[in-house]
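Note that the structure is a prediction, hence the values are computed from the model and not measured. Because only heavy atoms are used, hydrogens play no part in the values below, and waters and symmetry mates are left out as well, while side chains stay in.
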Amino acid sequence: QVQLVESGGGLVQAGGSLRLSCAASGRTFSSDAMGWFRQGPGKEREFVGAISWSGGNTNYADSVKGRFTISRDNAKNTVYLQMTSLKPEDTAVYYCAADANPYSTILHTFDYEYDYWGQGTQVTVSS
């Protein structure tokens, strides 16, 4: 059974930091590009960032560029989203997703291009 499980969400004050984790199981994710998305209250799900299967390439939404960093540890089948300088508008449920096209060099930004999804973790940033 393929699973992606996010953790690390919570309540943080504006300006604070959080690190989200996404643990994968059920298949070899080390060959998959991984993405992070979020869905704020009353909003559509939006792209946050993505990382290539090797970790050598990343892509970020303009709204988080310079504040968020994606990394991965393929030995642990885990992807991370380090969030700093958090703002109230970052409040959302954060999802990780896997692109099951092995060794793809494309970092997709649309949610329909990802094949596996976690259940999400809530991040709330208070002002």
Would you say that [X] contacts [Y] through its side chain, given a criterion of any heavy-atom pair below 4.5 Å between the two side chains?
X    : Y   : result
I51  : W36 : no
R38  : S63 : yes
Q122 : T91 : yes
T69  : Y80 : no

If you look at every heavy atom in [X] and [Y], which pair is closest and at what distance?
X    : Y    : result
V93  : G120 : CG1-CA, 3.8 Å
A98  : D32  : CB-OD2, 4.1 Å
Y116 : V2   : CD2-CG1, 3.4 Å
P88  : S127 : CG-CB, 3.8 Å
T84  : R67  : OG1-O, 2.7 Å
Y114 : L107 : OH-C, 4.4 Å

Can you list the residues that meet the ring-ring contact (aromatic ring centres under 6.0 Å, His included) rule with Y95, with sequence neighbours excluded?
->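 Here no residue qualifies.
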
Taking 4.0 angstrom as the limit, do D90 and K87 come out as a salt bridge?
->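 A salt bridge is absent here (no side-chain N lies under 4.0 Å from a carboxylate O).
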
Spacing of CG belonging to L81 relative to CE belonging to M34, to within rounding of 0.5 Å =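 It is 11.5 Å, given to the nearest 0.5 Å.
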
Approximate separation, where rounding is to 0.5 Å, of S30 OG and K76 NZ =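 It comes to 15.0 Å.
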
Check for a donor-acceptor pair, side chain of [X] on one end and backbone N or O of [Y] on the other, with a separation under 3.5 Å.
X   : Y   : result
E6  : C96 : yes
Y60 : I70 : yes
S52 : N57 : yes

Tell me, yes or no, whether the heavy-atom count around K65 atom NZ, taken from other residues, nucleotides or ligands under 6.0 Å, exceeds 12.
->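 For K65, atom NZ is crowded (more than 12 foreign heavy atoms under 6.0 Å).
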
